[in-house]
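Encoded as C-alpha cells, here's the structure I'll be asking about.
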Amino acid sequence: GTDYGGVYKSTDLGTSWAFCGLPYVSVYSLILTQQGMLLAGTDGDGVFRSTDQGNSFVSSGLDNLVVHSFTCTSAGEVLAGTDGQGVFRTTDEGESWIESNAGLTQMRVRVLVCEPISGDVYAGTWFGGLLRSTNGGHSWLTTANQNAEVGSIAVDASANVLATINGRIHLSNDQGATWTPLEVPW
C-alpha cells in the first residue's frame with residue numbers, strides 16, 4: 001500500500017511493481033486471507049477487498065474508519081485494528097465485520113499479530129499498552145505495559161514476543177506478563 005497512491009503488486013519477487021487499484025487512497029495495511037482474498041485497510045475509507053489478486057477492489061465495510069493493521073487468527077478469522085474504534089473481526093472474508101473489543105482498554109489499535117504456536121493474538125495500541133487475546137481476538141487481557149505506546153510487534157519461532165514500547169525494543173518470553181528492554185548497539 002501507499003500514501004494516496006493505492007495498491008501495487010509485484011509478480012517477480014519485488015524487482016518491479018505495477019499499480020493495480022485504489023487510486024488516490026492511502027492504504028495502511030494489506031492481508032491475504034487463508035482463502036486467497038486480498039483485504040486493504042485504508043486511512044479513513046475502511047476496508048476494500050479483492051477476489052482477483054488486486055486487479056479490482058470493492059468496499060468491504062468499516063466505512064470511514066482508519067484501519068492500521070490486520071492479522072489472521074489460527075481459526076482463519078481476520079482481525080482489523082482501527083484508529084478509534086478498536087478491533088473488528090470477520091468470519092466471512094470481509095463481507096461483514098463484528099466489533100471485538102471486550103477487555104480492550106484503548107480503541108486506537110496500531111498493530112495486531114497472531115502467535116502461530118498458541119494462537120494468541122497481540123494488539124499494540126497508542127498509550128493503552130500491549131494486550132493479549134487467548135481466544136482469537138474475541139476478548140482481550142492487559143499485559144505489563146498498560147499505558148505504553150506500542151509501535152510494532154513480532155513473534156519468533158519460540159513464541160518470544162518483541163515489541164517497540166515507548167520507542168524501545170522490549171522482549172517477553174512469558175506471553176507479555178513481563179518485559180525486558182533490549183540494549184541496541186547503535
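Atoms considered below: every heavy atom in the structure, side chains included; atoms not considered: hydrogens, waters and symmetry mates. Residue numbers start at 1 and run along the sequence shown.
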Among all residues two or more places apart in sequence or in another chain, which pass the salt bridge (Lys or Arg N to Asp or Glu O under 4.0 Å) test with E95?
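In terms of salt bridge (Lys or Arg N to Asp or Glu O under 4.0 Å), with neighbours along the sequence ignored, E95 is linked to R49.
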
Pairs touching residues 14-23 that satisfy side-chain hydrogen bond (donor to acceptor under 3.5 Å, both in side chains), sequence neighbours left out
D12-S16

Please name the pair of heavy atoms, one in R89 and one in S100, separated by the smallest distance, quoted to 0.1 Å.
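Looking at all heavy atoms of both residues, the shortest contact is NE-OG, 3.5 Å.
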
Any side-chain to backbone donor/acceptor pair from H170 onto R168? Under 3.5 Å, distance only.
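Yes, H170 side chain to R168 backbone: donor-acceptor pair under 3.5 Å.
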
Indicate whether any N or O donor in one side chain lies under 3.5 Å from an N or O acceptor in the other, for S29 and S69.
no

Do you know which two heavy atoms are closest between D63 and S59, and how far apart they sit?
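So the two residues come closest at OD1-OG, 3.2 Å.
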
Would you find a donor on one side and an acceptor on the other, under 3.5 Å apart, between the side chain of N55 and the backbone of D52?
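Pair found, side chain donor or acceptor close to backbone of D52.
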
Nearest heavy-atom contact between G54 and L38 is CA-CD2, 3.8 Å

Side-chain contact, heavy-atom cut-off 4.5 Å: Y28 with T42?
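No. Closest side-chain heavy atoms not under 4.5 Å.
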
Qualifying residues under ring-ring contact (aromatic ring centres under 6.0 Å, His included), relative to F19, sequence neighbours excluded
Y8

Crowding at CD, Q53 (>12 non-hydrogen neighbours, <6.0 Å)
no

Taking only residues two or more places apart in sequence or in another chain, which ones pass side chain to side chain contact (heavy atoms under 4.5 Å, CB included) with L171?
N160, L162, L182

Under the side-chain hydrogen bond (donor to acceptor under 3.5 Å, both in side chains) rule, collect the residues that match up with T33, sequence neighbours excluded.
E93

Salt bridge (Lys or Arg N to Asp or Glu O under 4.0 Å) against E149, all qualifying residues, sequence neighbours excluded
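So E149 forms a salt bridge (Lys or Arg N to Asp or Glu O under 4.0 Å) with R110.
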
V25 with L30, same ILVMFWY side-chain cluster at under 4.5 Å
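Yes.
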
Correct closest heavy-atom pair for L22 and A40 would be CD1-CB, 4.0 Å

Within a strict 4.5 Å, meaning less than it, do heavy atoms of the N64 and D45 side chains meet?
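No; the side chains remain at least 4.5 Å from each other.
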
Taking every heavy atom of W179 against every heavy atom of G176, the minimum-distance pair comes out as NE1-O, 3.1 Å

Co-members of V121 in a cluster of I, L, V, M, F, W and Y side chains, linked at under 4.5 Å
L79, V87, L104, M107, V109, L112, L131, W140

In sequence, state the C-alpha distance, the side-chain angles, and the governing distance for E115 and I117, and then conclude on side-chain contact (heavy atoms from CB on, under 4.5 Å).
CA-CA 6 Å; E115 190 269 290; I117 296 171; 2.9 Å; yes

In short, side-chain hydrogen bond (donor to acceptor under 3.5 Å, both in side chains) pairs touching residues 74-85 with sequence neighbours left out are E77-H138, D83-R108

Nonpolar side-chain network containing L65, other nodes, edges under 4.5 Å:
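Members other than L65 - counting any ILVMFWY side chain reachable under 4.5 Å - are I31, M37, L39, V47, L62, V67, F70, V78, F88, W97.
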
With sequence neighbours left out, write down each residue that passes side-chain hydrogen bond (donor to acceptor under 3.5 Å, both in side chains) with T90, or none if nothing qualifies.
D92

Heavy-atom pair with the smallest gap, counting every atom of C114 and C72:
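Closest approach of C114 to C72: CB-O, 3.4 Å.
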
Can you pull the side-chain hydrogen bond (donor to acceptor under 3.5 Å, both in side chains) pairs that have at least one residue in residues 122-133, sequence neighbours excluded?
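As it turns out, the side-chain hydrogen bond (donor to acceptor under 3.5 Å, both in side chains) pairs with a partner in residues 122-133, which skip direct neighbours, are D120-R132, S133-N135.
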
The criterion is side chain to side chain contact (heavy atoms under 4.5 Å, CB included); which residues satisfy it with A75, sequence neighbours excluded?
T73

Strictly distance-based, threshold 3.5 Å: is any side-chain N or O of S172 a donor or acceptor partner for the main-chain N or O of T178?
yes

